[in-house]
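Below is one structure, written out as structure tokens, with a few remarks after it.
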Amino acid sequence: MGILKATALLDDLIEKAGGCAVVDGGLATQLEKHGASINDPLWSALCLIKDPDLVKRVRQTQGIYLRTTNMWLALLFECAQVHLEYLEAGADILVTSSYQATIPGFLSRGLSIEEAESLLEKSVKLAVEARDKFWNVVKRNPTQSYNRALVAASIGSYGAYLADGSEYNGDYGPHVSRDKLKDFHRHRLQLLVDAGPDILAFETIPNKLEAQACVELLEEENVQIPSWICFSSVDGKNAPSGESFKDCLDVINRSDKVSAFGINCAPPHFIQTLIQKLKELTTKAIIVYPNSGEIWDGISKRWLPSKCFDEEKFELFAPIWRDAGAKLIGGCCRTTPSTIQAISKALKERSGFD
Ligand SMILES: C[S+](C)CC[C@H](N)C(=O)O
Ligand SMILES: N[C@@H](CCS)C(=O)O
Ligand SMILES: [Zn+2]
């Protein structure tokens with residue numbers, strides 16, 4: 001399938017969803033609700049390591065903290081379950097568990113290169129299998145209101161891999177060049193593309209340099225599926241680095257490989273104004289999937305309480321974001337299947353989709 005046909009799948013989904021498709025919610029958050037403790041440099045990618053031998057080695061290098069020893073195996077099976085929960089809630093797009101899954105990350109935990117590669121591949125397979133399993137059941141029901149979901153392979157920023165909070169400030173220091181970022185992303189991107197997702201999802205990109213690296217990589221690797229590139233924002237106006245979105249979009253707007261641009265894991269009260277701003281800066285589809293409004297403290301590794309938004313407001317704001325021009329809406333960290341169900345209901349009822 002060429003890129004035009006692959007991009008048509010996304011356009012078609014948006015149309016079938018009534019003009020605005022629903023992205024899933026926080027994978028890590030829902031894993032935690034299932035009892036997993038992911039306070040670890042691999043964060044949500046821990047759910048990929050369910051093979052007992054791999055778990056043992058990872059535990060030996062740094063320690064996985066799960067509630068009880070007996071629970072660890074069961075918990076590590078939860079990723080597929082979380083995908084199914086988001087599908088049931090009405091997600092039209094599943095984002096894979098590869099956000100913080102990287103080759104160097106897995107190597108530093110004692111896994112071999114082959115094991116690391118196979119875990120990345122597995123992140124896509126888990127989501128594809130959940131999608132196919134769910135669709136095979138619901139498609140038989142003539143009254144069902146679900147779409148066949150698409151799978152977006154998550155590519156977390158370099159800052160996510162560093163696990164030092166830099167996906168929220170864009171400060172990679174003077175020694176991180178565009179080439180270094182391309183080197184960091186290349187192998188994982190190749191593996192994820194080969195595993196057969198429908199879309200690539202670059203998440204929480206914090207600065208222009210990394211956006212440039214990602215766009216160049218898509219060209220160099222001649223990627224034949226559409227991508228979205230999402231930035232976070234901590235001031236509601238600019239990229240986390242302080243660079244303007246206009247500057248960051250300069251390079252992205254020139255790429256045919258990028259189908260959508262937007263914001264993820266930023267507070268929801270920034271979103272309406274940001275959509276209006278982005279509409280003036282790009283003709284690409286706008287995607288927004290904010291977090292709950294809580295703020296990630298990258299040092300203490302915990303979420304600080306939200307001052308401004310609560311989960312129920314997503315239901316109210318999703319149609320406002322859609323009317324402002326967003327074509328893809330979902331939730332990021334600290335949102336759950338209930339958030340996604342509320343978004344899906346609000347968007348699909350009003351569009352007459354239901
Ligand atoms: C989206 S953030 C909450 C993910 C976790 C972060 N990269 C860390 O490892 O601290
Ligand atoms: N999609 C990611 C979070 C991005 S900030 C995850 O939940 O693993
Ligand atoms: Zn997030």
Side-chain angles (χ1 to χ4, degrees), residues 23-34 36-49 62 64-65 78-80 82-83 85-86 91 93-102 104-105 108-109 119-120 123-124 126-127 151-172 184 192 197 199-206 210 228-234 240 262-268 270-271 287-304 306 309 314 328 330-337 339-340:
V23 181
D24 67 6
L27 178 101
T29 303
Q30 192 59 6
L31 286 169
E32 287 181 313
K33 294 232 153 147
H34 280 251
S37 175
I38 54 172
N39 186 358
D40 184 280
L42 294 176
W43 201 55
S44 55
L46 276 179
C47 73
L48 292 167
I49 307 171
Q62 260 180 31
I64 264 181
Y65 305 104
E78 295 299 342
C79 185
V82 170
H83 288 319
E85 287 164 354
Y86 278 120
I93 299 184
L94 287 180
V95 180
T96 64
S97 48
S98 43
Y99 178 76
Q100 216 148 305
T102 64
S108 73
R109 307 304 297 278
L119 292 184
L120 279 160
S123 67
V124 175
L126 280 174
V151 169
S154 171
I155 300 185
S157 58
Y158 181 64
Y161 154 72
L162 293 177
D164 62 357
S166 55
E167 69 257 65
Y168 298 108
N169 61 33
D171 186 4
Y172 290 166
F184 165 74
L192 290 173
I199 308 167
L200 288 183
F202 293 93
E203 300 194 281
T204 56
I205 301 298
E210 192 161 17
W228 75 57
I229 295 186
C230 281
F231 276 61
S232 187
S233 176
V234 287
I263 306 293
N264 81 291
C265 219
F270 291 160
I271 294 298
I287 170 167
V288 292
Y289 54 112
N291 58 29
S292 62
E294 289 156 90
I295 309 285
W296 178 248
D297 180 335
I299 308 301
S300 68
K301 304 275 177 204
R302 63 193 175 101
W303 291 97
L304 306 175
S306 162
F309 217 84
F314 275 82
L328 296 147
C332 203
C333 296
R334 312 293 279 176
T335 69
T336 66
T339 322
I340 298 312

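Remember, it's 1-based here, ligands and their atoms both numbered in the order they're listed.
A distance-only check finds no donor-acceptor pair linking the side chain of Q100 to the backbone of S44 [under 3.5 Å].
There is a side-chain donor-acceptor pair under 3.5 Å between T204 and Y99. Side chains of Y172 and E210: a donor on one and an acceptor on the other come within 3.5 Å. Looking only at atom types and distance, the side chain of S154 has a donor-acceptor partner in the side chain of E203 under 3.5 Å away.
Counting heavy atoms from C-beta on, the side chains of I49 and L119 come closer than 4.5 Å. Contact check for C333 versus E294: no side-chain heavy atoms found under the 4.5 Å cut-off. Inter-residue side-chain proximity for H83 and L27 is flagged as met; some heavy-atom pair is nearer than 4.5 Å. Here the side chains of L31 and L46 are not in contact, with every heavy-atom distance at 4.5 Å or above. At least one side-chain heavy atom of N291 sits less than 4.5 Å from a side-chain heavy atom of P268.
Within 4.0 Å of ligand 2, counting heavy atoms only, the contacting residues are L27, A28, W43, S44, Y99, E203, T204, N264, C265, C332, C333.
Here is the list of ligand 1 atoms found below 4.0 Å of a heavy atom in E167: 1 (C), 2 (S), 4 (C), 6 (C), 7 (N). Ligand 1 places these atoms under 4.0 Å from at least one heavy atom of W303: 3 (C).
The angle that C333 SG and C265 SG make at the Zn ion (ligand 3), rounded to 10°, works out to 110°.
Under a 4.0 Å heavy-atom criterion, G298 is not in contact with ligand 1.
Here the heavy atom of the protein found nearest to atom 10 (O) of ligand 1 is K301 NZ, 2.6 Å. Nearest non-hydrogen protein atom to atom 1 (C) of ligand 1 is Y168 OH, 3.1 Å. In terms of protein heavy atoms, atom 9 (O) of ligand 1 is closest to Q100 NE2, 2.7 Å.
Remark: F270 pairs with no residue by the ring pair (Phe, Tyr, Trp, His ring centres under 6.0 Å) rule, at least two apart or across chains.
At a 4.0 Å heavy-atom cut-off, ligand 1 does not touch Y161 at all.
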